[in-house]
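Owing to the predicted nature of the structure, the values given are computational and were not obtained by experimental measurement. These values consider heavy atoms only, across backbone and side chains, with no hydrogens, waters or symmetry-generated copies.
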Protein chains: 2
Amino acid sequence: MNSDKVNLKEKFQLFNQHWTPKIIGELNGQQVKLAKLKGEFVWHDHKEEDEMFLVIKGSLKIEFRDKKITLNEGEMFIVPRGVEHNPVAPEEAWVLLFEPATIKHTGEVKNKRSVENLDWI
Amino acid sequence: MNSDKVNLKEKFQLFNQHWTPKIIGELNGQQVKLAKLKGEFVWHDHKEEDEMFLVIKGSLKIEFRDKKITLNEGEMFIVPRGVEHNPVAPEEAWVLLFEPATIKHTGEVKNKRSVENLDWI
């Protein structure tokens, strides 16, 4: 058993890239990731995976085709599989993600935001 | 799509029972739960499920047979399947849990802490 506990804010200090989630844990085929977000991501969906966003610091907008929501610190949202969404962070936001280990970063969309292999920190 | 975002601290205001996790989200066969913990739980393991604890408020000790750890606010730990553990909270702690929907509260152990069907809030 890896006996290290994980301190979220310490982990966030270890990287500065935006839109490049870092893996901090894995359980039951799911991964826990941290991401720093700033600016606009890209419209995409995940055909087979639901995706959870929990805001640790700052504020994150998630645009959907028919509405948008704003998540503040301590707020979470689960985007169901197949639902197109576009995360937007006018100011830098720190976010915890829960999602299957199999998920692709930008779904089937390929663009400059796409990252193939995410790193553990 | 349920378009409600979830504010963790608002959800924590909705209940006071200790050791009775409340479900706040479900994704990919996993559930997100909130629990208020105070005192000692019970030694148990989960044969098939890894279990993640993230402390939202206060401090949580998790005893293992060969060591113990203390998680403070903003710290998380994943207890691997099959590993006996006993959560202990000397003062009330607020914790977010991430675990498979199939998990049993106290594993195969039955005691006064066991709860069969958890509620959504």
In terms of heavy-atom pairs under 4.5 Å, which option from B:Glu73, B:Glu75, B:Met52 contacts chain A the most?
B:Glu75
Would you mind telling me which of B:Glu99, B:Lys9, B:Glu10, B:Arg81 has the largest number of heavy-atom pairs within less than 4.5 Å of chain A?
B:Arg81
With hydrophobic residues grouped by side-chain heavy-atom distances under 4.5 Å, do [X] and [Y] end up in a single group?
X	Y	result
B:Ile69	B:Val79	yes
A:Leu97	A:Val42	yes
B:Trp19	B:Val88	no

Going through the checks in order, is the side chain to side chain contact (heavy atoms under 4.5 Å, CB included) test met by A:Met76 and B:Leu8?
CA-CA 8 Å; A:Met76 58 170 257; B:Leu8 299 186; 4.0 Å; yes
Would the number of heavy atoms belonging to other residues, nucleotides or ligands and lying under 6.0 Å from [atom1] of [X] be above 12?
X	atom1	answer
A:Gln17	CD	yes
B:Glu91	CD	no
B:Glu92	CD	yes

Please classify the contact of A:Val83 with chain B as side chain, backbone, both or neither, using a heavy-atom distance under 4.5 Å.
side chain
Indicate yes or no for a side-chain donor-acceptor contact from B:Lys5 to the backbone of A:Thr70 under 3.5 Å, with no hydrogens or angles considered.
yes
I'd like to know which of A:Asp50, A:Leu71, A:Leu96 tops the heavy-atom pair count under 4.5 Å against chain B.
A:Asp50
Going by the rule ring-ring contact (aromatic ring centres under 6.0 Å, His included), which residues pair with A:Phe98 if we only count those two or more places apart in sequence or in a different chain?
B:Phe98
For residues 54-62 of chain A, tabulate all N or O donor-acceptor pairs below 3.5 Å that involve a side-chain atom, not counting sequence neighbours.
residue: A:Ser59; atom: OG; partner: A:Asn72; partner atom: OD1; Å: 3.3

Could you tell me which residues in residues 22-41 of chain B have at least one non-hydrogen atom under 4.5 Å from a non-hydrogen atom of chain A, sorted by residue number?
B:Ile24, B:Gly25, B:Glu26, B:Leu27, B:Asn28, B:Gln30, B:Val32
Sequence neighbours left out, what passes side-chain contact (heavy atoms from CB on, under 4.5 Å) with B:Glu84? Give chain and number order.
B:Trp43, B:Asp45, B:Arg65
